[in-house]
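Notes to accompany the following structure.
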Amino acid sequence: MPELPEIETIKNELSPRITGQCFTDAVILDQKILAGGSVDELRDGLIGRCIETLARRGKYLILHLSGDVSLIMHLRMTGALLLNPSEIDSYARAVLVLGNGCRLVFRDQRRFGLIWLVDDAKTVIGRLGPEPLEQDFTPDLLEQKLSRRHIPVKAALLDQRIVAGIGNMYADESLFAAHIHPLRRASELSAEEVCRLYQCICSILRTAIECKGASVDTYVLPDGEAGTAHCEFKVAHRGGKACAVCGGIIERVPIQNRGSYFCPGCQPLCTDQPSA
DNA sequence: CTTGGGACCTGGCTGC
DNA sequence: TGCAGCCAGGTCCCAA
């Protein structure tokens with residue numbers, strides 16, 4: 001699933017290859033990919049505009065275009081952005097053609113991914129919380145936000161208004177690294193625990209970016225290569241397997257209808273019983 | 001205001 | 001072998 005490290009990787013890989021290029025054509029193969037407006041409106045708004053910069057906000061990829069317009073993409077669960085793929089298969093939803101001949105293909109099995117073309121990016125990303133790897137995200141800010149929420153801390157980490165870009169995989173990995181059970185109430189974490197969680201979130205995300213993302217399910221880099229961040233996973237998608245730290249069996253519990261994986265030995269629900 | 005649950009979508013897996 | 005049913009999950013929307 002593309003989360004912050006995967007989108008950051010896609011941005012980094014695409015940026016040197018498409019910055020400065022103008023759109024010469026846009027073929028929308030599945031109208032459902034458009035978050036608003038018609039196919040003609042998108043084509044009219046896109047063709048002739050140049051890509052000035054690429055940015056990422058949370059799990060959104062933002063292409064700042066000439067004329068103060070932004071093309072925003074969200075890959076949701078199974079989306080991928082491919083640059084000049086050898087084949088355009090039945091899962092291709094949009095093909096964007098650039099002046100240098102490059103074809104940027106939005107591929108998506110489950111048809112949840114979305115594209116916006118807007119004058120003001122804030123209409124799409126305005127509600128997002130702080131960027132976890134930026135300076136304005138601090139342990140104090142995280143503690144302040146978590147203290148008001150009486151939901152499981154795992155659910156709080158998935159709330160993009162609390163912190164942007166964390167999804168199911170990296171929430172599980174961050175909680176494991178911080179030795180915090182995913183069902184602990186967000187508001188009941190100690191200041192020390194929140195600080196630990198903050199450090200683990202930053203560390204887990206940075207490592208995943210260095211690995212160019214986690215290729216579970218359909219995520220690949222724009223050139224079709226796989227990332228390797230999933231090789232570092234300790235609990236995510238490892239239900240029933242042995243914990244590499246304590247040897248216990250990794251369990252799965254549903255939280256907000258999402259599978260949450262954790263090690264009951266390393267992440268005790270009771271805080272007064274230190275882990276092995 | 002907060003919280004919880006359903007909808008969206010389809011490939012892959014399980015079980016009969 | 002065939003098929004029904006369920007699971008995966010990011011975000012939005014609605015109800016309590």
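In what follows, every chain begins at residue 1, and chains take the letters A, B, ... in the order their sequences are listed. Everything numeric in this text was worked out from a predicted model, so none of it was measured.
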Inset, instruction - Sugar-phosphate means primed atoms, P, OP1 and OP2; the rest is base. With that split, encode nucleotides 3-16 of chain C 5' to 3' as B, S or - using protein heavy atoms under 4.0 Å. - result: -----BBBBS----
Enumerate the residue pairs fulfilling side-chain hydrogen bond (donor to acceptor under 3.5 Å, both in side chains) with a member in [range], sequence neighbours excluded, ordered by first and then second residue.
range	answer
residues 48-65 of chain A	A:E8-A:R56, A:R56-A:E131, A:R57-A:E131, A:H64-A:S70
residues 242-257 of chain A	none
residues 221-235 of chain A	none

Inset, instruction - Could you tell me the separation between the CD1 atom of A:I7 and the OH atom of A:Y219, rounded to the nearest 0.5 Å? - result: 7.5 Å
Legend entry - Set of disulfide bond (SG atoms under 2.5 Å apart) partners for A:C50, sequence neighbours left out: A:C22
Legend entry - For atom CG of A:D89 and atom P of B:dG11, their distance in whole Å: 11 Å
Inset, instruction - Take atom CZ of A:R93 and atom C1' of B:dC8, then tell me their distance rounded to the nearest Å. - result: 13 Å
Legend entry - Proximity to DNA chain B (any heavy atom under 4.0 Å), residues of residues 143-156 of chain A only: A:R149, A:H150, A:I151
Legend entry - Distance-minimising heavy-atom pair for A:P132 and A:C202: O-SG, 3.7 Å
By ring-ring contact (aromatic ring centres under 6.0 Å, His included), which residues pair with [X], not counting sequence neighbours?
X	answer
A:F23	none
A:F176	none
A:F112	none

Inset, instruction - Quantify the bending of the helix from B:dT2-C:dA16 to B:dC16-C:dG2 as the angle between its end axes, each fitted on five pairs, to 10°. - result: 50°
Legend entry - Remaining members of hydrophobic cluster (4.5 Å side-chain criterion), A:L158: none
Check nucleotides 12-15 of chain B against the protein and report each pair of N or O atoms closer than 3.5 Å, with its distance, or say if there are none.
none

Inset, instruction - Would you indicate, yes or no, if B:dT10 has its OP1 or OP2 atom less than 4.0 angstrom from a side-chain nitrogen or oxygen of A:Y91? - result: no
Inset, instruction - Please determine which of A:E3, A:K154, A:H237 meets the side chain to side chain donor-acceptor pair (under 3.5 Å) test together with A:N168. - result: A:K154
Inset, instruction - Could you tell me whether the side chain of A:N84 and the main chain of A:R103 form a donor-acceptor pair under 3.5 Å? - result: yes
Inset, instruction - Apply salt bridge (Lys or Arg N to Asp or Glu O under 4.0 Å) to A:D89 and A:R107, showing your working. - result: CA-CA 8 Å; A:D89 64 16; A:R107 185 178 184 276; 2.8 Å; yes
